[in-house]
S.K.: 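One structure, as structure tokens, below. Some questions next.
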Amino acid sequence: MDSFEFNKIAGAVLGTLLFLMGLGIFSDAVFHHGVPKQPGYALPVAETASAGGAAASAEAAVPLPQLLAKADAKKGEALIKPCTACHVFDKGGAAKVGPALYGIVNRPIAGAAGFAYSDSLKGKGGAWSFDSLDHFIANPKGFASGTKMAYGGEKDAARRADILAYLRSLSDSPVALP
Ligand code: HEC
């Protein structure tokens with residue numbers, strides 16, 4: 001290859017690079033993106049949050065007996081899957097991390113023999129009603145601040161009603177619905 005040939009090739013390469021740079025500058029000028037005031041994309045956060053909040057408060061407005069009347073124990077049985085990490089629901093079941101839950105509706109609160117309950121739950125007194133179970137499952141710490149039940153709570157009222165319907169069915173003679 002003589003030096004003239006080399007110069008032609010080098011010139012072609014440089015020319016191409018220059019052309020690409022020019023193209024970059026040109027396209028930047030055409031498709032100019034202004035720097036956004038806030039980095040990232042504007043998502044309609046406020047809107048969804050307020051819609052969710054409205055739905056939640058609309059739900060809270062439905063009284064529990066009404067939710068229970070529409071509740072489905074079969075769905076509840078599927079929803080208690082996370083609870084089975086700690087609880088046995090079968091008749092005659094033993095305690096795991098938490099006490100056995102067969103016949104829990106109307107059973108004395110913290111009443112499973114031999115289970116080491118937290119003082120917080122022991123101090124409640126009385127028996128589990130649909131209402132108190134609903135509060136406890138929605139927010140265990142809200143119901144009994146020192147509870148040992150490490151579960152965040154089921155926030156959906158209709159789902160809780162399904163769970164309650166299932167818990168109610170775990171009995172030789174299910175308690176009447178409120
Ligand atoms: C991480 C383990 C864990 C999970 C998950 C869990 N629990 Fe518990 N549960 C416990 C423990 C521990 C206690 C005892 C609480 C105490 O003594 O304060 C308890 C107590 C209870 C009680 C009161 C029992 C009694 O005899 O008074 C009910 C009712 C209950 N759980 C229902 C549920 C339901 C329903 C779910 C699922 C939605 C669930 N738990 C999920 C650990 C768990």
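Along the sequence shown, the residues carry numbers beginning at 1. Both ligands and their constituent atoms are indexed starting at 1 by order of listing.
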S.K.: Which pair of non-hydrogen atoms, one from Pro178 and one from Pro65, has the smallest distance, and what is that distance?
M.R.: O-CB, 3.7 Å
S.K.: With sequence neighbours left out, which residue pairs that include part of residues 98-110 fulfil the salt bridge (charged side-chain N to carboxylate O under 4.0 Å, His left out) condition?
M.R.: none
S.K.: Hey, which residues fall under 4.0 Å of ligand 1 on heavy atoms?
M.R.: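 Protein residues near ligand 1 are Pro82, Cys83, Cys86, His87, Val97, Gly98, Pro99, Leu101, Ile104, Arg107, Ile109, Ala110, Gly111, Phe115, Tyr117, Ser118, Leu121, Trp128, Leu133, Phe136, Ile137, Thr147, Lys148, Met149, Ala150, Tyr151.
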S.K.: With rounding to the nearest 0.5 Å, note down the distance linking CD1 in Ile109 to CZ in Phe136.
M.R.: 9.0 Å
S.K.: Apply side chain to side chain contact (heavy atoms under 4.5 Å, CB included) to Lys96 and list each qualifying residue two or more places apart in sequence or on a separate chain.
M.R.: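 Lys96 satisfies side chain to side chain contact (heavy atoms under 4.5 Å, CB included) with Val88 once adjacent residues are dropped.
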S.K.: Taking the side chain as every heavy atom from C-beta outward, state whether Leu177 and Phe130 have any atom pair closer than 4.5 Å.
M.R.: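 They are in contact (side-chain heavy atoms under 4.5 Å apart), so the answer is yes.
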S.K.: Using the test side-chain hydrogen bond (donor to acceptor under 3.5 Å, both in side chains), find all partners of Ser129 that sit at least two apart in sequence or belong to another chain.
M.R.: Ser132
